[in-house]
Amino acid sequence: MAIKSNNNPSSNKTETVVFLLDQFICDYIRNEWLDIAKPVLPQAQELGVHRHIIKKILEDRPYRVPISTLAIICFYKKISLSDFFKLIETKYGSRINDDFILKTKKDA
């Protein structure tokens with residue numbers, strides 16, 4: 001994730017570039033394959049990834065899922081990566097492009 005410091009030295013904020021496709025991938029996994037009411041660990045085990053990955057996807061914050069991780073999740077869901085992206089295209093259709101949004105977050 002690209003981070004750009006704000007030019008205001010008194011500000012504790014950074015701008016984060018969020019590519020919309022990354023957001024759509026997380027939104028799809030969160031809304032279609034995960035359940036926020038269930039514990040994270042069993043869901044992580046079902047998808048073959050570490051629980052921290054599931055926590056990052058469940059947060060409503062931008063997370064860039066590595067292709068290797070996405071391939072593992074798709075393997076455990078018994079679909080190919082190409083079929084996964086077809087699901088993304090079906091769900092988000094014309095909203096998919098190269099655009100990004102800037103999100104400002106407070107530095108810790």
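Values in this document were obtained by computation on a predicted structure and should not be read as measured data.
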Residue pairs passing the salt bridge (Lys or Arg N to Asp or Glu O under 4.0 Å) test where at least one lies in residues 36-52, sequence neighbours excluded: none
For the [atom1] atom of [X] and the [atom2] atom of [Y], what is their distance to the nearest 0.5 Å?
{"X": "F85", "Y": "C74", "atom1": "CZ", "atom2": "SG", "result": "7.5 Å"}
{"X": "I53", "Y": "I73", "atom1": "CD1", "atom2": "CD1", "result": "7.5 Å"}
{"X": "K77", "Y": "L87", "atom1": "NZ", "atom2": "CG", "result": "10.5 Å"}
{"X": "Q23", "Y": "L21", "atom1": "CD", "atom2": "CG", "result": "10.5 Å"}
{"X": "N31", "Y": "I57", "atom1": "CG", "atom2": "CD1", "result": "11.5 Å"}

Least distance between heavy atoms, P42 atom then P39 atom: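 Minimum heavy-atom separation between P42 and P39: CD-O, 3.4 Å.
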Evaluation steps, side chain to side chain contact (heavy atoms under 4.5 Å, CB included), between I25 and Y63: CA-CA 9 Å; I25 289 169; Y63 173 60; over 6 Å; no
Residue list, side-chain contact (heavy atoms from CB on, under 4.5 Å) with K78, at least two apart or on another chain: none
Evaluation steps, side chain to side chain contact (heavy atoms under 4.5 Å, CB included), between Y92 and D27: CA-CA 10 Å; Y92 300 104; D27 288 349; 3.3 Å; yes
Heavy-atom donor-acceptor pair, T90 side chain to K86 backbone, under 3.5 Å: yes
Side-chain donor/acceptor of Q43 to backbone N/O of D35, under 3.5 Å: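 Yes.
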Near-ring test W33/Y76, centroid separation under 6.0 angstrom: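 Not under 6.0 Å, so no.
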Near-ring test Y28/F84, centroid separation under 6.0 angstrom: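 Ring centroids of F84 and Y28 are less than 6.0 Å from each other.
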L70/I29 under side chain to side chain contact (heavy atoms under 4.5 Å, CB included): CA gap, chis, key distance, verdict: CA-CA 10 Å; L70 191 55; I29 294 171; 4.0 Å; yes
L34-L41 co-clustered via ILVMFWY side chain contacts under 4.5 Å: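 L34 does not cluster with L41.
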Heavy-atom side-chain contact between I72 and L47 under 4.5 Å: no
Heavy-atom check, side chain of V40 versus side chain of L58, under 4.5 Å: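 Yes. Closest side-chain heavy atoms under 4.5 Å.
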Carboxylate-amine/guanidinium proximity below 4.0 Å for E59 and R30: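 The answer is no: the pair does not qualify as a salt bridge.
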